[in-house]
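What follows is a short report on a single structure.
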Amino acid sequence: MKRLLSALFFYMSYRTNTCGELRSEQVDKIVTLAGWVHKRRNLGGLIFVDLRDRYGITQIVFNPDITANFALADTLKYEYVIKVTGTIVARVPEAVNKDLLTGAIELKAQKLEILSQAKTLPFEIFDAHKEEEDEELRLKYRYLELRREHLKNNIIFRAKMIQYIRAYMDARDFLEISTPILTVSSPEGARDFLVPSRIHPGKFYALPQAPQQYKQLLMVAGMDRYYQIAPCMRDEDPRADRSPGEFYQLDVETSFLERDEFFDLMEPLFIELTEKVAGKIVQQNPFPRLPYQYVLDTYGTDRPDLRYDLKIVDVTDWAKNTDFKVFVEAKAVRVIVVPSGAQFTRKEIDEEFTELAKRNKAKGLAWLKYTTDFEGTIVKFFKPEELNELRDKLKIKTNDILFFVADEPLLASKVLGAVRTLAAEKLHLADPNVIAWAWIVDFPMYEWSPDKVGISGEAGAIDFGHNPFSLPQGGLDTLNSKDPLTILADQYDIIANGLELSSGAVRNKDPEIMYRAFEIAGYTRDAVNKKFGHMIDAFEYGAPPHCGFAPGIDRLLMLFLGEPNIRAVIPFPKNQHAEEPMMGSPSTVDDRQLRDLHIRSTD
RNA sequence: GGACCGGUAGUUCAACUGGUUAGAGCACUGCCCUGUCACGGCAGAAGUUGCGGGUUCGAGCCCCGUCCGGUCCGCCA
């Protein structure tokens, strides 16, 4: 009986194969395929249908001599869901479609069944290379857009990458542990999403911006290797590379590892993802470990694209001895030499480079081309021997261009950093198949925050540079003896191709160092106890040394897939106004729900 | 919160300097077609030019307001 039922089930089953797997080897087999009508070509007495599912496309032929219900095939429209049973046949050599993996064969349909009809579509599925429709429309019908090749492949890639990460972590004794979604406000800077409590009138949960405190408490709990594909929620405005509202991180924390041991443990993951999952090339292995101040000076940003060299050089000493007043009087003069940059036209220099420099708050952008000799509007301010000295010092070659910024040292580098990016873009210096990973280390513990109100009541105060739970290098002694703005933290970033993927840190697990670190940033002992009492408390019951990081899953996908827009790697993204047009979130709720939550809307 | 760009058929776009009945591809409807794979051919339907006001003999086009969308800055690891 059981066997009879299963035989019957097989006979009645929706499909025996997928639309992506059939090859010449399966010729003469009788199969059943199910999927969507991707294209149809109705020749009158003969109908071709490209049948599509997640796995691929197979051509179906309906022929009145073979297909029992041929008339039904005449009614097929785009995106109908159908089930077809028939025989696999080899195509004649002239009819082989080389663009299709299944192009050597076709399915000769004996029986057709329509499983679901489809209305006229708001946009075409097969026309996937375009994607020019209004994004609002595409987001509203995201389930249709997800049928398109490009987006479908991105989402499949996403699943594969996460699967690879899980296997990697599992093989290294990491435990995947879920932390609460309903939690309390976190110390990080972004605005929280709040969830009103029904049971506690006037109180709110917060959605996690990151599971930062939980993962540290897991270390105290002895779960010495933790990870999670963690949802993070932040109520901030979106950007092309920043998902509005929510995103995912590979959240990681480990105990009993020095910083460099942690790097050694995690680096192979990024190398394997680059090479095995994304099929790209790792530029440098092991990853360079560059100090924060060095990259800021040399590339004008803490997340330089290292696929190309183009370093910024300080020439303040040289500039002081010239007669060019702007250079002599400036605090610093920095220069970037762009090989082959002499090809940039005056229009490009004025309208693109100088404009960019001004947008970045430079007063101007000086430049010199070197062809047979130096040329440019500022040549007249220098003596020949000064220019020769510069040429030798910077090893300038024919057809180089030099961009100078004279300003505060940091600003000069920052502006030239933007110039560097633009020049590289225009000269196509970045190889899209290469990923240049690097660790940026030694971030400052504190920074000057002009907007923060200090203890004295006036604007401007010392604030944490990044994560307040980072360990200051040198510990308590350093905190007590050095100028706070010179103290470095055991804090690091991992970057690639100009994208920041994660920050991380060796954490501060010592209550005394914590109190002192917060004190410098203007928090009293009481304030720290009130806000982080549970953390301090936990650290007093035996806390292991621990460190971790949290690379953004969506950013990793953008990097591997070369997507400039983060929404192309998220199945159901929110739009620029943090709305989701398909489901219609956020939405109003009825009065009764609000009453239950002790909430009244003022709008 | 601010700056810039945009909004014409289901969709992607066109419409000269303000001038006839706002056009084309794809999709859609009907007909023809047995080897197509961006199939082909014939015919057809489809529009409050985002919305409101103004200037003009006349506005898709110019002006004012407003709504919506995109990009960037502010914000944000």
Side-chain angles (χ1 to χ4, degrees), chain A residues 38-51 57-67 70 73-75 77-79 89 91-100 102-103 106 108 118-141 144 186-192 209-210 212 232-245 247 249 251 302-303 356 359-361 440 443 451 464-467 470 491-495 499-505 549-552 554-555 564-565 567 575-579 581:
Chain A
H38 187 65
K39 285 291 268 183
R40 74 199 147 95
R41 294 174 291 279
N42 190 336
L43 274 60
L46 201 61
I47 298 169
F48 294 94
V49 163
D50 289 344
L51 192 65
I57 286 174
T58 299
Q59 176 165 277
I60 317 288
V61 198
F62 296 97
N63 185 320
D65 303 333
I66 293 159
T67 311
F70 181 79
D74 200 42
T75 69
K77 304 276 151 54
Y78 282 87
E79 297 304 309
V89 296
R91 300 201 199 182
V92 295
E94 310 88 79
V96 168
N97 185 340
K98 292 198 178 61
D99 298 332
L100 222 52
T102 61
E106 62 191 8
K108 229 167 207 173
K119 292 199 292 189
T120 300
L121 298 152
F123 49 79
E124 286 142 40
I125 308 301
F126 62 85
D127 208 8
H129 55 283
K130 276 193 171 171
E131 290 180 21
E132 279 161 355
E133 297 87 3
D134 192 60
E135 190 170 36
E136 191 74 8
L137 184 79
R138 287 186 280 125
L139 287 181
K140 187 175 173 192
Y141 296 98
L144 294 180
S186 107
E188 263 142 284
R191 262 189 297 271
D192 283 314
Q209 298 187 20
Q212 180 66 34
C232 302
M233 278 72 85
R234 292 174 192 172
D235 189 5
E236 295 295 344
D237 290 352
R239 278 291 177 281
D241 67 345
R242 198 163 76 204
S243 174
F247 57 96
Q249 288 182 340
D251 196 43
D302 60 0
R303 46 180 180 84
L356 180 73
R359 266 208 305 285
N360 281 283
K361 306 208 169 67
I440 309 300
F443 277 74
D451 299 327
F464 289 107
H466 297 271
N467 188 324
S470 304
Q491 160 120 26
Y492 42 82
D493 277 3
I494 185 164
I495 63 160
L499 273 181
E500 182 213 307
L501 290 161
S502 170
S503 61
F549 71 166
D554 311 287
R555 291 264 176 98
N565 190 329
R567 292 187 287 272
N575 67 14
Q576 288 247 323
H577 301 287
E579 298 158 337

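So you know, we letter chains A, B, ... as the sequences are listed, proteins then strands, and number each from 1. Computed from heavy atoms alone, side chains included, the values below leave out hydrogens, waters and symmetry copies.
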Considering all heavy atoms, the nearest Q209(A)-C232(A) contact
O-CB, 3.1 Å

Of all heavy-atom pairs linking F123(A) and R138(A), the shortest is CE2-CA, 3.9 Å

Starting from the 5' end of RNA chain B, give me the residue, V96(A) or L139(A), whose nearest nucleotide shows up first.
V96(A)

By nearest-heavy-atom nucleotide on RNA chain B, the more 5' of E136(A) and S503(A) is E136(A)

Suppose you measure atom [atom1] in [N] against the same atom in [M]; what distance do you get, rounded to whole Å?
N	M	atom1	answer
A24(B)	G65(B)	P	37 Å
A14(B)	G7(B)	C1'	15 Å
C75(B)	C67(B)	C1'	25 Å
C13(B)	A9(B)	C1'	11 Å
C42(B)	A27(B)	P	15 Å
A15(B)	G6(B)	P	13 Å
G40(B)	G25(B)	P	12 Å
G52(B)	G41(B)	P	41 Å

Using whole Å, what does the distance between atom [atom2] of nucleotide [N] and atom [atom1] of [X] come to?
X	N	atom1	atom2	result
R138(A)	G69(B)	CZ	P	15 Å
E79(A)	U11(B)	CD	P	17 Å
L356(A)	C72(B)	CG	C1'	13 Å
R567(A)	G69(B)	CZ	P	12 Å
D74(A)	C32(B)	CG	C1'	12 Å
N63(A)	C33(B)	CG	P	15 Å
I47(A)	U34(B)	CD1	P	11 Å
N565(A)	C72(B)	CG	C1'	14 Å

Nucleotide opposite [N] in a Watson-Crick or G-U pair, distances under 3.5 Å:
N	answer
G35(B)	none
U11(B)	G25(B)
G6(B)	C68(B)

G35(B) base to E106(A) side chain: any donor-acceptor pair below 3.5 Å?
yes

Who are the side-chain hydrogen bond (donor to acceptor under 3.5 Å, both in side chains) partners of D50(A), not counting sequence neighbours?
R41(A)

Donor-acceptor check, side chain of [X] to backbone of [Y], threshold 3.5 angstrom: yes or no?
X	Y	answer
R555(A)	E500(A)	yes
R91(A)	G103(A)	yes
T102(A)	I57(A)	yes
R191(A)	D235(A)	yes
N63(A)	D65(A)	yes

Sugar-phosphate only, base, or nothing, as touched by [X] at under 4.0 Å among non-hydrogen atoms:
X	result
D65(A)	base
L137(A)	sugar-phosphate
F123(A)	nothing

Would you indicate which nucleotide in [options] comes nearest to any side-chain atom of [X]?
X	options	answer
E579(A)	C28(B), U34(B), G69(B)	G69(B)
P122(A)	G10(B), U34(B), C28(B)	G10(B)
K108(A)	C37(B), U34(B), G35(B)	G35(B)
R234(A)	U36(B), C76(B), U34(B)	C76(B)
E124(A)	U11(B), C26(B), G35(B)	C26(B)
N575(A)	G10(B), G70(B), G35(B)	G70(B)

Give a yes/no on whether any side-chain N or O of K77(A) is located under 4.0 angstrom from OP1 or OP2 of U29(B).
yes

How far apart are the C-alpha atoms of Y141(A) and L121(A), what are their side-chain angles, what is the distance that settles it, and do they pass the side chain to side chain contact (heavy atoms under 4.5 Å, CB included) test?
CA-CA 10 Å; Y141(A) 296 98; L121(A) 298 152; over 6 Å; no

Passing option when Y78(A) is tested against H38(A), K39(A), K119(A) for side chain to side chain contact (heavy atoms under 4.5 Å, CB included)
K39(A)

Generate the contact string for nucleotides 38-43 of chain B. Rules: B means base contact, S means sugar-phosphate contact only, - means no protein heavy atom under 4.0 Å.
SB----

